[in-house]
Each structure stands twice: as structure tokens, then as C-alpha cells.
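This structure is a prediction, so every number in the text was calculated from the model and none was measured. All chains are named by letter (A, B, ...) in the order of the sequence lines, taking the proteins before the strands, and each is independently numbered beginning at 1.
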Amino acid sequence: MTRDTLIEGRSGRIRIEGSSFRYEREDGPIVEGEFSVESLEPDCRRVIIDGRVYRVAPGARGEALINGRPVSIEIFDPRGLRSRKSGGASGGRQEISAPMPGKVVRVLVQTGDSVEAGQGLVVVEAMKMQNEMKSPKAGRVAEVRTHPDAAVVAGETLIVVE
Amino acid sequence: MTRDTLIEGRSGRIRIEGSSFRYEREDGPIVEGEFSVESLEPDCRRVIIDGRVYRVAPGARGEALINGRPVSIEIFDPRGLRSRKSGGASGGRQEISAPMPGKVVRVLVQTGDSVEAGQGLVVVEAMKMQNEMKSPKAGRVAEVRTHPDAAVVAGETLIVVE
Amino acid sequence: MFRKVLVANRGEIAVRLIRALREYGIRSVAVYSDADRSSLAVSLADEAAYLGPSPASQSYLRIDKILEAARGHGAEAIHPGYGFLSENAEFAQACAEAGITFIGPPAGAIRKMGSKTAARQLAIVAGAPVVPGMAENIGNIEQARSTARALGYPVLIKATAGGGGKGMRGVEREEDLQSALRDASSEALRSFGSGEVYLEKQVVEPRHIEIQVLGDHHGNLIHLGERECSIQRRHQKVVEESPSPVMLEHPELRARMGDAALRIASEAGYANAGTMEFLVDRDLNFYFLEMNTRLQVEHPVTELVTGTDLVVWQLRIAAGERLALSQEEIGWRGSAIECRIYAEDPENHFLPSPGRISYLHEPSGPGIRLDSGVYSGWEVPLDYDPLLAKLVAWAPSREEAIRRLDRALAEYEIGGIRSNVAFFRQILADSDFRAGRLSTEFLTSRSFSRTGPELEAEAAAALALAMAESQSEAAVPSAPTKSAWLAAGVQSLLQ
Amino acid sequence: MFRKVLVANRGEIAVRLIRALREYGIRSVAVYSDADRSSLAVSLADEAAYLGPSPASQSYLRIDKILEAARGHGAEAIHPGYGFLSENAEFAQACAEAGITFIGPPAGAIRKMGSKTAARQLAIVAGAPVVPGMAENIGNIEQARSTARALGYPVLIKATAGGGGKGMRGVEREEDLQSALRDASSEALRSFGSGEVYLEKQVVEPRHIEIQVLGDHHGNLIHLGERECSIQRRHQKVVEESPSPVMLEHPELRARMGDAALRIASEAGYANAGTMEFLVDRDLNFYFLEMNTRLQVEHPVTELVTGTDLVVWQLRIAAGERLALSQEEIGWRGSAIECRIYAEDPENHFLPSPGRISYLHEPSGPGIRLDSGVYSGWEVPLDYDPLLAKLVAWAPSREEAIRRLDRALAEYEIGGIRSNVAFFRQILADSDFRAGRLSTEFLTSRSFSRTGPELEAEAAAALALAMAESQSEAAVPSAPTKSAWLAAGVQSLLQ
């Protein structure tokens, strides 16, 4: 069995044959050895590699907990048609979106404003907390898609910075 | 909805209409009132009856834990064809069976022996412990179906007392 | 003692109170909103009463409904927990008028200490040092500007009725004052029903250390030592411990601060459990900040080191019993540290991460106390503070308590939602934290980012997912149900 | 200190030891048999080594394989836990010869105390009182008969190499002596590899009280007070507590018994953790019974009341460190009580109930320590002692500890297999237990049978099942997966 992997944003490939495996990350490092996997609680696995134990449990969506440590992970069949999904940043255009449902309290910028990395763009109130959404990069405000008092849903784009 | 119940060996019937219920046990007592049921963990339910809370979780096979207390329970649709299964003792003939896999260490009685209630019949070793199986009643040994050093499986009848 | 007590709260503190009531043979009445119908607290209570829709303003803050529930269930007393109505003098008053015991201080003491400006005045009268600042609320922006100038920047805006960092803003420069005032005031209004705020001098890199006091209605008053709560994020405590590392080096400070706390409590006519919050500067000067007239979130660390049960004492005191503990009987043993486990995303501004807990493995074992309000399958609601549980470790020494807590955090697995579990392990690994060099600036002066896994750990995770997929394809009878997270990990295979 | 330690055990004690190692930054190596491939202990360890098939004789008792695993993983020391090889002098010797530290007493001390008859002799030399009985093993039935007559019935047959009630039989009348000897000897042979047994006078309704000692390799030796373990079933402890209720009334007894224990330990050249078991009669006379040269199952109650960590001291002592605790520093605070949670059926002769744990809700909260070796989904194997977990409650007083333990037991839900959880609640409710009137006859002199539920509770259970059925029929999206137990409950509906 061969699977492509995407772990914490880095691509790799794992080959499994019987109880042997070889894991190769695209940035170079390789590890190989003998392994065994057992199911514990539903969803939890314990993996032993050459006598060393790893507990792999479900974390947040798209993440596993490896000995309690959260790690984003996806695996793909390389024979599949779908191309790998990149976990990294998507180029120069950044959409600032609401992480959860809430209400816009204040919009701090206007279309065309120059902004610095870390500068506040919009204040959203959710679960009784006001959160200032900051610009992830220096650039220019390309779009303002919301307004004060707007109810927002999770994932809704509020501001676009280029 | 109407269901027949068998709880700790006693038959009863529960009638549910909307959020009202009436529970009647065949030995007389009746309780009725308003209720709500919510699912908690998979398999666990919390029931509120007229403001009083009951946590109902799975126990051993055929048992529920009501606020942590084990209770044997079965429910039946009275429209069903199957008759109620009795949880009580089955008449005068009693089969003494191995509760789990193990080995017979000694047989203490012979066919035809008179036995008293509580008298030892057979010693079975399981999980490194020797357990003396006792007669549930005074009577006569009708059958001895095992012998010393016999390997036994769970549920296997060892002795029959009449 | 009471025969039945209503718990006017939710989440882990409701569970903690219901457990205490059960242990004392007192029947408990839980209350719940729509979002909490299937809460752990309700399922552990003896009785339960529905309050209303999920928003707190329509449920846990409805004095009328809570009193109605208490009357309906025949509860003789109400424990308010923390937050919600716990420091609401009107509620305490309404309980008294309804003939129901409010398990907490007298309404008068709540009123006196509830206003931070009034509490400051009272502390000054009691001879306790306070942070320089305003004796009254801000009337207008000009007054705020001139006061801030007189105190010297940085200054701190605080909500008069506040607590828990709500309505609080630090201001470094005059140009930020007006917008900070606006934000603080509007947040205060929403949180406490009053937009009144005031100004204080900001003590630089202070420790936050608080003293637990306990008084009865017969004039007995003792303190149970300190909790250090310097590890805060946006004025919200996240790690608390007792003893404070500074007390381990300067034990005389405990007696001095304990004394000051008792003088203030005495001046306020205080009874039941309460906490005096202080700032401590580098020269070990301490300043009274405010009093919390309720059980604190972080009370377990005090219970663990002193071997007392604060909730039991709250019940006994409210029932009119005498405090059977003298100051001399209070001893401190070992160290206890608490982490507040939140459903929040440390990698995204700590935004709340409500949702369904699809998997849960909770730590236990030697020296671990877990006060949890959740279970596997629980839907963390949007509507309230997303505190899931408090994980507390006790050990003979602070160093051992840190290592034990780290061990327990490594065992704590929460699936389906994001949490700050792993974030605490980064705090505990910090050399300043380990050395006890703490201040309320600790978190703002550092950024923790998650470190990538080791190569072999990556391989292990890949093996777990790949084998889970092949097991489920082969339909091995012993394989567990294919799960959401495994399914998500391998979903591209099925397309 | 060691960098890597192998844990030569399984179940809850392996978990407890692995946790301690993790807390001390020592890498842990778990060992496992076929039945334990997916055990909790293995999943929490840093490394793991396979030993062999499930029977202990082919895995956990295989000295060669365990040493091979230690060498293969580069472990510098081995902790044997309790049971298995923990009191095997040959194993300790083999470790020493392999250059691996055995975390326990010197092999010579195990040998001296391992034979109960030799231990009796040593206690007599040390000036400690012993139960009247034989100084050597039984040679033949005539010798046994005459000794028993001389001692006077009732007498007790005990395995010379034994422990944990294996190979032990009480005999009331001479006519039962021969068959009891045969059973005891054959059980001893199977359990310990030696069929040798001896006779003691049976003290009537004694308390079983034991003293925990701790010694280093530099001549320091202290005791950590007592544990009362009178609640036994077939000579197996099921409830243990510290302090003993009798010590609460007669505190001088602790010092006297502690003294006797230290004299014996000193005479034996003992080091590391060990326990002297005594019987105490109604007049507070105490008699040395035997020594356990290992960590006891019930060690947590001592840890909770003394605030020490016995496993950590075992590690430090084995590493050659000096015992930094003096007798004067040992203090006792509050009360701790432990229940041994077994997969067994209290309604059917306490027969083991192995199988899959289909559902598990574990208690936690204030004052609760749970040392568990299982999880939901774990298959309790047939091959070993069916101990699932130890539930321990600490509280400021014995009365509060009992109520707290009862609260935790009520929250402890185990599905799929039978357990003794509810049985403990009956013990805790017993008025003699509550009053501290304990003896080793406590359980044999009582029969507990389960009480039927209240009518409304019956209705609640019926409602839960009926509604679960209707929900699953209606395929409500939020309804959880239809489960085995609900399915079993409603199966007749589907026919």
C-alpha cells in the first residue's frame, strides 16, 4: 500500500508492505522500520515503530493527536484522481473571514486603505467577546464585504487584503 | 406507544402519549406523570420525570444502570408474537452451569445423592481461582455431566439437581 | 443543614456543586436552558428545572425563573456558582425576600464590594494598600484624559461592576484612550448591565495574587492563603496555582497579605467565601485590586493544598453553622496548579471553538483532579463561556506538580473541537514559568507556536490512518465503527 | 537517576508506574502478552516489548524474556509492580547479574521475608509479636493434625510462598483439615510454584492492619503509618483505608505498630518500599503476619494521607539516593479509602466477568483518585486477575471520605461486563462499616443482596428504552448510533 500524506502542511509518502514501512517527506528526511497498529477506543490507535509507542487519537477536524500533540494530517491514494490539497497560504490575496457566528461591532478600514501586518481591520463580537480581526500581511484593503451590526456566519469573508 | 416490561424479574407495562406516561407493575403499583428523555453519551440517557432526574446507562448484558444502580430490564411490544421471557427460576429442575471457561478440579457429588441448599457440588478453577458451585436448592442430584480435569466452556451444564 | 439546594449555574461548576450536595446527602436541583438539556450537570442532579432559551439573559440570568424553580422544587437554598447571578446583590436580596437562603455573602456585602470604586474606598479605610486610581466612575472623556495624565500612562480602564476581564482595557497612549473607553464601556454594558468604567494606574509586570477568605455569621473570619493567577490572556486567568512561587521564597508575605485581606473582609461585614485580588510588584509591594464575593473558578488549588472543601464550608456557613476551623489549623502542603481547559483555538486568536466533542479521553491517576462539565458526545454550546473543564495537579513540590500536570495534559485527548490543551504544555515548558518568574504580562510578552512532530511520529500517524482505512475496507469484524475523523482523513480515497 | 525503566507488569499498576516515569522524565518500556496488545498501559508507554502468549507463565512470569526486553531496549532498571515476579528473589538476582537494577529490596531480603515461616522467625528475633503457629512447613497430615489440636481450632492453612489469599484456607473442624490442606497446597503450587503450606492459630474477628515502611541503602528507615484492609473476601482485600478507624481512637497504636515494623525491617536488612501485615485483636494486641516485599495494590491510600509518592521514592532509593524524609516529617491528613473495582459478578459467587467493556463513564472531581487500567472498548482478558481499576476517595474526615466514595461509585458506569461497583455502595452503607467496626469476618458475616429500584426509577429505565427504540425507528438525525444494549433490550420488537 502506498499513500501520499500531508502533515502539518508538508507533503510526504508512506509505503507499507506487511509489517514494514518507509516514510519519505518531500523535503528530504526518510524513516523506515517495523510497525504494528492496534485499535484502542473507537477512533484511537496505538502504533509501535521499532519498539517505540505512539498513541494516535482524533483531534480537531483534520487533526490527529500524536501522544497528545495536535498535528494536521490528510492521506491520499496516489492512484486517485484528486490532486493534493495544499494546507499552506494561498498567494497574495488574503480573505479575512469570520471564524464563528457573531455580529460585526465596528469596521476599522475602508476599501483602498493601506494596512500593515497585524493592523486591526474589523471587530466581531461572538460569545460575548469582542475580537479584533487583524491583517495577516501588509497590503491594501481590496474589499470590505460587511458593515457594523451585520450578523455574520462562520466562514463568511469580511475583508479582502491584497 | 405501549410496551410490556420485565424489570428485576417483575412484569409491567408502560404507556407513553406525548410527554405523559403511565407505568403499571403487575403486582399493583402505578406511577404516572410528565417526562422528557435526552441522549447523552452514545447509549446513555437522562430521563426527567416530574422534575426528578434519572441517569440510565448500559450495565452488564440485559441490565441498565439507573443512577449507577444495576437493574435487569427488557421491553417488549405487546403486539409482538413472542411471549414474555421470564427472568425467574425455572421450576423444580435446576441446571448448575459453568459461568465461564475453566477446568473442573473436583466433583463433590454423585448421581442420586441427596443435597442441601448451599451444599458444594463441583469445584471449578477459572482465572486462577477455585470456585465451589453450590446447589441452589435442597433435592437430589439427577445428573453429573462432567468429571475432574474436564475443560468446560461458559454456560456448559455440569450438574442437574431436581 | 439544608435538605434541598438549587444550583443556579451550568457547566463544570454546576457539576462540582451537585457532587458536593450529593456527598452531604442534600438533594440537588439543577437548572437548564435549551442548550443544556443534555448537560452532564443535569444528568448528575437529583432534580432539574427548565429555565428557558439558550441566551443567558433568557435563562441563567432570569432571577424570576430561578426563584420560581426553587419554589416549585421546594429548595431551601440557592448556590449561584460563579458568573451569572453570583455577584448580583438584587438576586441575593430577592432570595432573602423569597425566604430562600442565598449561599454567599449578605446582599449588603455584595453591594459594598460589587462596585470596584466603593471597594477601593473600603480597602483604604481598612488600611490596605490600593493601586492609585479614581475613586469614582468616569463621567466624560475630558475627565478621563486629565485623570490618565495625572496617573501617568499606562493606565487601565476597568468596569465598575466587572470581573473576569470583561470591560477591561489597558491604554498606553492618550490617542487610544477614547476608543478603548468606548469598547470597554460597551462590553461592560453587555456583560454586567452597566457601562460604568473607571481608571487605574497600571502596575508594570505585576503578579496577580489573591487571598481566599472564609467567614461565618458569628464573627469568625480566616484566610486560606493565596493563589497566584498571573498567567492571564486578555485579563482572563488561564493558569492558577497555590502556593504562589513568590511565597515559597518569602513566606512572610502570605501572613501580611492574609492580614490585609481579613481587615478588608471585616470592614465589609463579610461572611461566606470570598477572594481579595491583589497586584504584587517586583519589590513585593502589594495593592488591593478588588474583591470577588463568590466562589472562584480556581478554588480547587486552595482546596488541594489546605485539605479543605470550600463548597462544604459555604453550605455550612450559609446554614448558620460556626466556622470550626481556626487560622492556626490551616496548613499548606505541597503545590497545586490548575489549567482552564477551553474550547478555543490557540492558533487563531483563541477564538471559541464550539461544536460536538466526538472523542474524549480524560486524564486521571495520582495527584490529578479533574472538574469537568463535558462528556464524549456533548455539544459545546455557542452561548456561554467555552470552559470545558479544570485540570488540577497536586504534588509535594511545585516542580513535581508541573511535571504531573504536563503528564496529564499529554493524556488529555479531545476530538471534534479545538482546545487549548496543548497550549498549556508550552506554558509549562517555559523556563520562566518553571522558575516561577511570573507576571500578568507573561503571555503577552511571549508567543507560543506549535512545533512540528518528529519524523517518526508523523510516520506513526500516517500508519494509523492508512491501516484504519485498510481495516475498514477489509471489514475486519473487530475493527471499530469507521469514525468521522478517520473518514475525513481518508475521504479523498473514496471519491 | 535512570534514563529508561522497564515496567514488568500489566493493568492499572503498569499505568500507574508509566505515569510516574513520565512525570520524572524517565523513558518507560511496557511489556505485553497477546491479550494485552491493545492495553492502556502499552498505549501510554514510551516503548513496548512483546513477551509472548497470554498465559502469565509464557509472558509476565518469563524472567528470560523480560531481561531480554530490558537489554533490547536499553533499560537500566526494572519495576516489577505487584504480583507476577515482584517477590521473586531469583528474578531480583537475575536482574543484578544482568547489570539491571531491580526496583525493590535486595534479593536477600526477599528471600528472608518470602518464606512466611522464616519471616515469622525473624519477627520473633526482632521482638515483634507473632500469631501462634508453626515455625516450619507441614510435612504430613499427622503433623498437621497434632499441630492444629495443639493450637486449637479454628486454624488457618497458609502457603509458605504465598500472598493475596491464594493457597489459604480456614479450618473449623479436624474432619475438614485434610481436604483443605489438599486444596490449599494445590492452589499454592499453581499460584507460586511451591505447594508448601503451614498452620497458624486463627485470631477471631481480627482487624487486618498493615504498616508501610520505606528504607534506603544508607541505613535510613521510616514508616508511613498504617492501612486497614479488614474488608476481605476469601482473603482478598477489597476495601482499604488509612488511617485505620482504630488509630483514630487509639493514636498510640500507630507508633507501637510502626516501631515493631521498623524493627523487623531492620532485622531483615530491608531497603525500598515494603509492608508488614499484622492482625489486631479486639484488645488491640497485634501480631505480625507476614511481609510484602513490594509495592502494595493499596499504596494510594498511604500516598493520599501522607502526601508522599511511594513510586517516586522507590525509584530514588533504587537509584541509590538517600531517603530525604525523616520520621518526624511524615504527617497524616484526612482519610483515604480505596475500592478495588473488579470485573466480577457479586450476584454469582463473585465469579470473574471478563469480556468487552462496551461503555464506560469514570468518576472524577474533588478528592477522587482513579488508577484505572481500562478504557471503553477494552476486552478484559480471561488470563489475569480481573482488577479493572482502583477508586480512591480522600476527604478531611473518614465520614466525608465514605460519602465521597459513594458519590463517585454512583457515577461509575461500566457497561458490557459485570462489576462490583454497586456492591461497594452496599458495604459503604453498612452501619458497622460507617462506625469503623471492622474485622476480616466483615464480609463473611453479612450477605448483601441488591435492592430493587424504586417504582419511578423503573419507569425511567422503561422510558429510556422505549424512547430509544422510537428514536431509532424515526431515524432522528441527532440520535446516537443504535447500541448493543439498547438493541438487546428492544430486540424482541424487531422479530
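Neither the backbone nor the side chain of C:Val29 comes within less than 4.5 Å of any heavy atom of chain B. Neither the backbone nor the side chain of C:Ala49 comes within less than 4.5 Å of any heavy atom in chain B.
Within a 6.0 Å radius of CZ in C:Arg3, other residues, nucleotides and ligands contribute 12 heavy atoms or fewer. More than 12 heavy-atom neighbours from other residues, nucleotides or ligands sit within 6.0 angstrom of CZ on B:Arg52.
Here the closest non-hydrogen pair linking C:Ser38 and B:Leu40 is O-CG, 3.8 Å. The two residues C:Ser43 and B:Arg55 make their nearest non-hydrogen contact at OG-NH1, 2.7 Å. Looking at every heavy atom in both residues, C:Tyr32 comes nearest to B:Ile48 through OH-CD1, 3.7 Å.
From C:Tyr50, atom OH reaches atom OG of B:Ser36 across 11.0 Å, with rounding to the nearest 0.5 Å.
Put simply, the side chain of C:Leu44 does not reach to within 4.5 Å of the side chain of B:Arg46, judged on heavy atoms.
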